[in-house]
Structures are given as structure tokens and as C-alpha cells.
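Notes follow once the structure below has been shown.
Values below: all heavy atoms of this structure, side chains included; hydrogens, waters and symmetry mates excluded.
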Amino acid sequence: MNVRQAPEFPQWPQYDENEREGLIRALEQGQWWRMGGNEVDSFEREFAEFHGAAHALAVTNGTHALELALQCMGVGPGTEVVVPAFTFISSSQAAQRLGAVAVPVDVDPHTYNIDVAAAAAAVTPRTRAIMPVHMAGFLADMDALSKLSADTGVPLLQDAAHAHGARWQGKRVGELGTVAAFSFQNGKLMTAGEGGAVLFPDTEMYETAFLRHSCGRPRTDRRYLHQIAGSNLRLNEFSAAVLRAQLGRVEEQITTRQQRWAVLSPLLDAIDGVVPQRADERTDFPSHYMAMFRVPGIGEEDRNALVDRLVAAGVPAFAAFRAIYRTDAFWEVGAPDETPDQIAERCPHTEAISKDCVWLHHRVLLAGEQDMHRTAEIIADVVAAV
Ligand SMILES: *Cc1c(COP(=O)(O)O)cnc(C)c1O
């Protein structure tokens with residue numbers, strides 16, 4: 001491989017005076033939980049407004065956001081949730097943790113988003129939710145999914161852990177009429193290290209979710225009235241103060257990532273054997289969590305070696321998600337009555353993508369335009385070498 005100047009990528013997470021001031025503000029409030037302070041309440045209002053949603057509820061993390069949303073949608077023992085087979089494991093674990101069965105279905109080979117026909121085929125009388133995951137901030141086909149939801153009566157839960165600020169045909173995630181769950185884990189597009197939120201279009205469900213996320217207890221309760229089953233999923237004031245500052249930076253950073261992806265993606269496309277992730281063009285404002293590409297047919301071992309070489313060359317690269325049905329965790333509780341090979345047979349694209357796909361950290365897309373050229377050159381060299 002040629003030795004050339006390594007590209008330079010910004011650090012992640014990022015912060016400035018706004019995070020610093022927020023933390024001090026929360027500290028000096030004297031009350032550090034949401035029931036005593038203003039930061040979580042304010043963040044929820046701002047986050048809901050940013051996404052065009054009626055209500056937002058902040059929670060401890062994105063996995064809990066999915067769990068809470070599913071619980072509010074009636075998911076529990078004896079029910080099923082349809083999830084994409086190619087996703088981060090929380091999508092299925094949230095359903096399984098509630099005692100439900102997670103039913104994995106295949107994804108599209110270009111967008112890596114849930115295959116709507118496969119989702120339709122997986123719906124049974126026990127299905128309580130269909131969970132599209134907006135992979136890397138490219139939205140799943142929300143038109144077809146909305147139609148499927150209307151036809152079957154099964155509601156959608158958007159796993160929007162990659163989709164802060166993304167838009168589908170001009171509509172923000174909160175304007176698509178469904179519940180949506182977000183993560184603020186360290187790598188996500190806005191972060192407080194950990195954290196999560198759920199958007200609700202519906203006031204009644206939001207009120208129930210509020211109770212459930214606070215041990216079933218009404219906001220002003222002083223008599224230990226626990227009205228409904230729940231847990232403690234409350235976000236703390238420090239995290240919310242940081243997230244308020246992060247929210248102020250999201251849109252500008254997304255715009256930069258869009259500009260860089262417009263440069264990097266055709267460069268990747270021009271490399272022999274490399275196929276970048278493609279957006280459904282109705283995703284007119286993708287948020288670009290991760291820059292993903294496939295090297296079709298490379299095989300899992302060589303893909304992993306490719307990732308190692310990219311990392312050695314200074315590019316923050318990662319192997320894409322393992323198919324959820326290829327993990328031990330998936331089979332412990334709440335798996336369908338099938339074998340891994342049976343699921344693999346009806347998920348051929350997931351099977352392939354999970355072995356030939358590489359993702360780059362989104363901080364790559366925050367670097368300069370020249371760095372996109374250098375990154376593509378490194379990828380071309382490494383792909384040619386494995
Ligand atoms: C990050 C992530 C989650 C879980 O979020 P945490 O805050 O880490 O619990 C859920 N779904 C997807 C697709 C994710 O990438």
C-alpha cells in the first residue's frame with residue numbers, strides 16, 4: 001500500500017461552552033433529577049419541537065426507549081414484534097425483554113432497511129408492532145409501511161436511533177404519525193454518553209408512558225400511588241442539559257455530512273467491488289449515522305481483515321451488525337419457533353450484508369472534502385489488497 005498522508009477526522013463526541021454552561025446550570029439548580037429540575041422538561045419540549053412531534057419523553061437510553069414504547073403499545077407475553085434481521089440487537093432485545101417474540105425479517109440489499117413485503121408476510125394475529133430501523137439515517141419506506149399498518153391494524157414503532165433530524169418527503173420523524181424511539185449513546189448523532197427519548201403523536205399514550213417511566217407514579221404524587229406497572233427509566237438533569245446543547249448542533253452537522261457523503265459515495269461507487277449504501281430517494285434529508293458500503297462476495301473473514309487494515313490506516317471502520325439470529329443472545333428467550341438456518345433461508349440479504357458490509361464512523365463525514373478523497377483512496381487500496 002502506498003504511504004500517503006492520513007486523513008484527519010474530527011473527534012466524537014463534540015462539545016463547547018454550551019455543554020459546559022448546561023452542566024453548571026444543572027449542578028447549581030440544586031436538584032439533579034427531573035422531578036426537581038427544568039432541564040429534562042425543557043429538553044423534551046425542544047426535542048419534540050425539533051422533530052415536529054406532539055410529545056417527547058426522555059429516558060435512560062435507547063434500548064429502554066424501545067422497551068417503553070413497545071410496552072405502551074401492548075407488547076408482552078403471547079405477542080410478537082416484527083423487526084429487521086439486520087439491526088443493532090436492541091431492536092429485538094426490547095421485545096424479548098417484555099416477554100414477546102421478536103420475528104426477524106429480511107432487509108433491502110441497497111438501503112439495508114426492512115423489506116416491507118417480508119414484514120407483511122410475518123404479521124400474525126399476535127403481532128402488536130412492526131419496527132422499521134432507519135439504517136444509518138436513511139429512512140425505511142414509510143409510505144409502504146404506513147399502508148401495511150393501516151391494512152393490518154398493527155402500529156409502527158420507528159427505531160430512530162440513527163435518524164435524529166432526518167426527513168422523509170419533507171416530513172420529520174415526529175410528523176410521520178407513529179411512535180419513534182431515539183438513542184443518545186456516545187456514538188449517536190447527539191449524545192450525553194447515554195440517554196434516549198420516545199416521540200408520541202398521541203397524548204394518552206404519552207401520559208401512560210410518563211407513568212410507566214417513573215415506576216407508575218403520577219408526576220406530583222406524594223402518597224406512593226403507583227397506578228400502572230413500570231420501572232425507573234428517568235433521565236437525569238445533567239444529561240438533559242448536555243442534550244439541549246447537542247440539539248443546537250445537530251442540523252448543521254447533518255448538512256455537513258450530507259455534503260461529504262455526496263463526495264464520498266460516488267468515489268466509493270467507482271471502486272471495483274465496492275457498493276455504497278443507497279438511500280430511498282424519498283429520504284430527502286438523511287441524517288448519515290455511519291457511512292456504509294458493501295463488498296459483495298468478500299466473505300466474513302476477509303471483510304474483518306479489511307476493517308482491521310482500514311483501522312490501521314487511520315480510518316474508523318467497523319464490521320457491520322451480525323444478523324440478530326446469528327447471536328446467542330437472540331435465542332435465549334423470545335425467539336420464533338424456527339432454527340437459525342430456517343431464518344437465514346428467508347433472509348438472504350441480511351445473511352449477505354452482515355458478512356460483506358463495512359461502516360465508517362459518522363465523524364468521517366465531518367472532515368474536510370479532501371479527506372473524502374483520501375479516505376476513498378485508502379479504501380480502494382485496502383479492497384484491492386484483501
Ligand atoms: C444505538 C441503538 C439502539 C440502542 O440505543 P442505546 O442507547 O445504546 O441503548 C437501538 N437501536 C439501534 C438501531 C441502535 O443503533
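- In this structure, R322 and E300 have side chains that are in contact, with non-hydrogen atoms separated by less than 4.5 Å.
- V242 and L233 end up in different hydrophobic clusters when Ile, Leu, Val, Met, Phe, Trp and Tyr side chains are linked at under 4.5 Å.
- Side chains of Q246 and E19: a donor-acceptor N/O pair is present below 3.5 angstrom, by distance only.
- For the 3.5 Å distance criterion, the side chains of Q158 and H134 qualify, holding a donor opposite an acceptor.
- Under the 4.5 Å side-chain criterion, counting only non-hydrogen atoms from C-beta, L360 is in contact with T375.
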Could you go through the side-chain contact (heavy atoms from CB on, under 4.5 Å) check for I379 and L268 one step at a time?
CA-CA 8 Å; I379 292 170; L268 294 178; 3.6 Å; yes
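- Using a 4.5 Å heavy-atom threshold, the side chains of T178 and P201 count as separate.
- In this structure, D302 CG and R309 CZ are separated by 8.5 Å, a value rounded to the nearest 0.5 Å.
- Note: Q71 CD to R128 CZ = 14.5 Å, rounded to the nearest 0.5 Å.
- Donor-acceptor pairing under 3.5 Å is lacking for the side chains of N186 and T191.
- Using a distance-only test at 3.5 Å, with no hydrogens or angles considered, no donor-acceptor pair links the side chain of Q227 to the main chain of G216.
- Remark: E8 CD is loosely packed, at most 12 non-hydrogen atoms of other residues, nucleotides or ligands lying under 6.0 Å away.
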Would you sort out whether R326 and D341 count as a salt bridge (Lys or Arg N to Asp or Glu O under 4.0 Å), showing the intermediate values?
CA-CA 9 Å; R326 295 290 188 197; D341 286 341; 3.3 Å; yes
Set out, in order, the CA-CA distance, both residues' side-chain angles and the distance that settles salt bridge (Lys or Arg N to Asp or Glu O under 4.0 Å) for E377 and R374, then state yes or no.
CA-CA 5 Å; E377 285 164 13; R374 291 202 204 107; over 6 Å; no
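- At distances below 3.5 Å, at least one donor-acceptor pair connects side-chain atoms of E175 with backbone N or O atoms of R172.
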Does V107 form a side-chain contact (heavy atoms from CB on, under 4.5 Å) with N113? I'd like the steps, not just the answer.
CA-CA 5 Å; V107 297; N113 278 323; 5.9 Å; no
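- Residues L157 and M73 are in side-chain contact: their nearest non-hydrogen atoms beyond the backbone lie under 4.5 Å apart.
- A heavy-atom distance below 4.5 Å is found between the side chains of D106 and T350.
- Side chain of S149 to main chain of V154: a donor-acceptor pair is present (N/O by atom type, distance under 3.5 Å, no hydrogens or angles).
- More than 12 heavy atoms of other residues, nucleotides or ligands sit less than 6.0 Å from atom CZ of F318.
- Panel note: side chain Q277, backbone T111; a donor-acceptor pair is recorded below 3.5 Å.
- For the side-chain contact (heavy atoms from CB on, under 4.5 Å) with V82, the lone residue among L156, T127, V101 that qualifies is T127.
- No hydrogens or angles considered: a donor-acceptor pair under 3.5 Å links the side chains of S239 and N236.
- Side-chain contact check for V275 versus P296: some heavy-atom pair is nearer than 4.5 Å.
- A single hydrophobic cluster is not seen to contain both V179 and L139; linkage of ILVMFWY side chains at heavy-atom distances under 4.5 Å, directly or through other members, places them apart.
- Here the straight-line distance linking atom CZ of R303 with atom CD1 of I353 works out to 11.5 Å at 0.5 Å rounding.
- No hydrogens or angles considered: a donor-acceptor pair under 3.5 Å links the side chains of Q253 and Q14.
- Around atom CD of Q259, more than 12 heavy atoms belonging to other residues, nucleotides or ligands sit under 6.0 Å away.
- The closest side-chain donor-acceptor pair between T124 and E80 falls under 3.5 angstrom.
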Go through R346 and E338 one step at a time and tell me if the salt bridge (Lys or Arg N to Asp or Glu O under 4.0 Å) criterion holds.
CA-CA 11 Å; R346 56 179 188 74; E338 292 178 277; 2.9 Å; yes
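- The closest donor-acceptor contact from the side chain of H51 to the backbone of A53 lies at 3.5 Å or more, if one exists at all.
- Of the possible polar contacts, none joining the T87 side chain to the V83 backbone as a donor-acceptor pair under 3.5 Å is found.
- The OG atom of S183 lies 10.5 Å from the CE atom of M190; values are rounded to the nearest 0.5 Å.
- A salt bridge is absent between D108 and R278: the closest approach of a Lys/Arg side-chain nitrogen to an acidic carboxylate oxygen does not fall below 4.0 angstrom.
- Note: F184 and F182 have parallel aromatic rings, judged against thresholds of 30 and 60 degrees for the angle between ring planes.
- Classified by interplanar angle (parallel below 30°, tilted 30° to 60°, perpendicular above 60°), the ring pair H162/F321 is parallel.
- Between the CG atom of D371 and the CG atom of L365 there is a distance of 11.0 Å, given to the nearest 0.5 Å.
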Decide yes or no on side-chain contact (heavy atoms from CB on, under 4.5 Å) for M135 and M292, but give the supporting numbers first.
CA-CA 9 Å; M135 188 56 59; M292 304 181 86; 3.8 Å; yes
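- Ring-centre distance between Y112 and H349: not below the 6.0 Å cut-off.
- In this structure, the side chain to side chain contact (heavy atoms under 4.5 Å, CB included) partners of W32, at least two apart in sequence or on a different chain, are L27, F238.
- Judged by distance alone, with hydrogens and angles left aside, the side-chain atoms of S92 form a donor-acceptor pair with the main-chain N or O of I89 at under 3.5 Å.
- When each of R257, R260, H288, K188 is tested with H362 by the rule side chain to side chain donor-acceptor pair (under 3.5 Å), just one qualifies, namely R257.
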If you apply the rule salt bridge (Lys or Arg N to Asp or Glu O under 4.0 Å), what do you find for R219 with D41, and how did you get there?
CA-CA 12 Å; R219 208 180 262 267; D41 285 343; 3.5 Å; yes
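- Listed for the T339 side chain is a donor-acceptor partner under 3.5 Å among the backbone atoms of Q342.
- Within a 6.0 Å radius of CG in D272, no more than 12 heavy atoms belonging to other residues, nucleotides or ligands are found.
- The pair R167-D284 does not meet the salt-bridge criterion, since no charged nitrogen lies less than 4.0 angstrom from a carboxylate oxygen.
- In this structure a side-chain-to-backbone donor-acceptor pair under 3.5 Å is present from T327 to I324.
- Note: H164 and F47 have perpendicular aromatic rings, judged against thresholds of 30 and 60 degrees for the angle between ring planes.
- For the atom pair CG of L366 and CH2 of W12, the computed distance is 6.0 Å after rounding to the nearest 0.5 Å.
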What's the verdict on side-chain hydrogen bond (donor to acceptor under 3.5 Å, both in side chains) for D143 and W168, showing C-alpha distance, side-chain angles and the deciding distance?
CA-CA 9 Å; D143 291 358; W168 174 259; 2.8 Å; yes
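- The main-chain N or O of A26 is never found under 3.5 Å from a side-chain atom of E39 such that the two would form a donor-acceptor pair.
- Partner of E237 under the side chain to side chain donor-acceptor pair (under 3.5 Å) criterion, chosen from R34, Q29, Q31: Q29.
- Atom CZ of R222 is surrounded by 12 or fewer heavy atoms from other residues, nucleotides or ligands within 6.0 Å.
- A salt bridge is absent between R20 and D16; no separation between the charged side-chain nitrogens and carboxylate oxygens falls under 4.0 Å.
- Ring pair Y206/H55: centre-to-centre distance below 6.0 Å.
- The closest side-chain donor-acceptor pair between H213 and R234, if any, does not fall under 3.5 angstrom.
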